[in-house]
**Student:** 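The following block contains the structure, expressed as structure tokens.
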Amino acid sequence: MISLDFELHWGVRDKHAAASGYTASLLGAREAIPRMLDLFTEYGISATWATVGFLFAESSEELQLFHPEVRPAYEDTRLDPYAEPVGPDEARDPIHFAPTLIRLIDSAPGQEVATHTYSHFYCLEAGAGEEAFRQDIASAQAIARARGIDLRSIVLPRNQWNPRFKKILSQAGLECYRGNQPGWMYEASSTDTETRLKRLSRLIDAHVPLTDWGGARWRDLTAGAHPRDVPATCFLRSVSQGSGMVNRLRLRRITAGLDRAAREGRLFHLWWHPHNFGSHTTENLCFLRSVLDQYRRLVSEQGMRSLTMLEASRCPAPPVALTKVVSSHE
């Protein structure tokens, strides 16, 4: 399973100004996304695109129409997305609006458009209130519904899962969310509690095993009420330029997890941001192709299947139920 956090500048605006060196990667995502979709079609990949609600708007005027009345009152004012200056439309501000890309994703075979909240909402930051979150989700659903899209899955920005908000998601009809992968370095954190040690540990874990990348067990996946936790297995990092050894270690780490998940009937959940492929796009797509080549082999040898987050959360058990879901989806 693949999920993507589609956010453009809304996901990094507290770290990178709109006019900064990072903007090239954000603009590059607009080239990378159609190429990723072509690759997904080639390999029969169903993916979930968790999309920030702001990106749906056709114009700044339409964006204002969907803004909620109650908004988060973050103590760290740098996190407030409503203070971000935006241009008039996608043509003149392609890092804050993306309706053409959303239509492209929605029309591609096997792709699920999900939500990354309306405003890139930070659920663990001081000042993130429950009513603000409730209205944020309602705005995300409303602007998506205006495009004919029914949101059923969610990925929380910065993976800030907050159990306090689970009831709000259930009441909104959301059926699943991407939970954090196992390991103390992946536990949900606010900005204040996200330490250098955790970041370094995640970097090491991407290359040599510190945690288990064997994938989620199906009986855990479908247990309990909605929304169900469809946990991440690993993050697909950008290729390291000029370091073939590092890239080979990373690829071996991922493919070993895929192999184990296929053998044991588990769910392997890979995720990244489209803008991670915004620089060195061809090299990153080649790395992804190597991962998908391994997936294709496991389809043939082990009967592995590709599902969206929503399909996985609705699937009671592999492999018979998986085959039925995929067949009806195709």
**Student:** Going through the distances and angles, do Tyr74 and Tyr122 end up as a ring pair (Phe, Tyr, Trp, His ring centres under 6.0 Å)?
**Tutor:** CA-CA 9 Å; Tyr74 300 122; Tyr122 299 104; 5.8 Å; yes
**Student:** Check this for me: does any side-chain nitrogen of one of Arg305 and Glu311 sit under 4.0 Å from a carboxylate oxygen of the other?
**Tutor:**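 The answer is no: the pair does not qualify as a salt bridge.
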**Student:** So, are Asp14 and Arg158 salt-bridged, with charged N and O less than 4.0 Å apart?
**Tutor:**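 Salt bridge between Asp14 and Arg158, a charged N being under 4.0 Å from a carboxylate O: yes.
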**Student:** Does Arg178 qualify as a cation-pi partner of Trp271, given the criterion of NZ or CZ under 6.0 Å from the six-membered ring centre and within 45 degrees of its axis?
**Tutor:**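 Verdict for Trp271: a cation-pi partner in Arg178.
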**Student:** Whether the side chain of Asp93 engages the backbone of Gly87 through a donor-acceptor N/O pair (distance < 3.5 Å, no angle test) should be reported.
**Tutor:**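 Between the backbone of Gly87 and the side chain of Asp93 there is a qualifying donor-acceptor contact (under 3.5 Å).
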**Student:** Among Phe97, Tyr82, Phe6, Phe121, find the residue that satisfies the ring-ring contact (aromatic ring centres under 6.0 Å, His included) test when tested with Phe54.
**Tutor:**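 Exactly one option meets the ring-ring contact (aromatic ring centres under 6.0 Å, His included) with Phe54, and it is Tyr82.
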**Student:** Between the side chains of Lys15 and Glu194, is the shortest nitrogen-to-carboxylate-oxygen separation below 4.0 Å, so that they form an ion pair?
**Tutor:**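 The answer is no: the pair does not qualify as a salt bridge.
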**Student:** Between Glu58 and Arg103, does at least one N-O distance fall below 4.0 Å, as a salt bridge requires?
**Tutor:**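 Between Arg103 and Glu58 there is a salt bridge, with a charged N closer than 4.0 Å to a carboxylate O.
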**Student:** Determine, for Asp205 against Arg253, whether the closest basic-nitrogen to carboxylate-oxygen distance falls under 4.0 angstrom.
**Tutor:**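 Looking at Asp205 and Arg253, the cut-off is met.
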**Student:** What I want to find out is whether Glu175 reaches Arg228 closely enough, with some N-O distance under 4.0 Å, to be called a salt bridge.
**Tutor:**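 The answer is no: the pair does not qualify as a salt bridge.
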**Student:** State, to 0.1 Å, how close Ser139 and His67 come at their nearest heavy-atom pair, and which atoms those are.
**Tutor:**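 Ser139 and His67 have their closest heavy atoms at OG-C, 4.1 Å.
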**Student:** Starting from the C-alpha separation in whole Å, work towards a yes-or-no answer on side-chain hydrogen bond (donor to acceptor under 3.5 Å, both in side chains) for Arg289 and Tyr43.
**Tutor:** CA-CA 9 Å; Arg289 181 179 288 276; Tyr43 283 84; 3.1 Å; yes
**Student:** Taking all atoms of both residues into account, what is the closest heavy-atom pair of Ala57 and Ile143, and its distance?
**Tutor:**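 Heavy atoms only, the tightest pair is N-CD1, 3.9 Å.
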**Student:** What residue among Thr308, Asp106, Ile33 forms side chain to side chain contact (heavy atoms under 4.5 Å, CB included) with Trp49?
**Tutor:**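 Single pass found, and it is Ile33.
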**Student:** Testing the basics here: between Ser153 and Ala114, what is the closest heavy-atom pair and its distance to 0.1 Å?
**Tutor:**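 Ser153 and Ala114 have their closest heavy atoms at O-CB, 3.2 Å.
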**Student:** What I want to find out is whether Arg260 reaches Glu264 closely enough, with some N-O distance under 4.0 Å, to be called a salt bridge.
**Tutor:**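 Salt bridge between Arg260 and Glu264, a charged N being under 4.0 Å from a carboxylate O: yes.
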**Student:** With a cut-off of under 6.0 Å to the ring centre and 45° to the axis, is Arg266 in cation-pi contact with Trp218?
**Tutor:**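 No - Arg266 does not lie over the ring of Trp218 by the 6.0 Å and 45° rule.
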**Student:** In terms of side-chain geometry, is the basic nitrogen of Asp38 or Arg35 positioned less than 4.0 Å from the acidic oxygen of its partner?
**Tutor:**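 No, this pair does not count.
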**Student:** Less than 4.0 angstrom from a charged side-chain N to a carboxylate O is my criterion; do Glu90 and Arg30 meet it?
**Tutor:**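 Yes, this pair counts.
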**Student:** Examine Phe235 together with Trp272 and report whether their ring centres are nearer than 6.0 Å.
**Tutor:**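 No, the ring centres sit 6.0 Å or more apart.
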**Student:** Would you call the rings of His275 and His273 parallel, tilted or perpendicular if under 30° counts as parallel and over 60° as perpendicular?
**Tutor:**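 Aromatic pair His275/His273 classed parallel.
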**Student:** Any carboxylate oxygen within less than 4.0 angstrom of a Lys/Arg side-chain nitrogen, looking at Asp150 and Arg152?
**Tutor:**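 Yes, charged N to carboxylate O under 4.0 Å.
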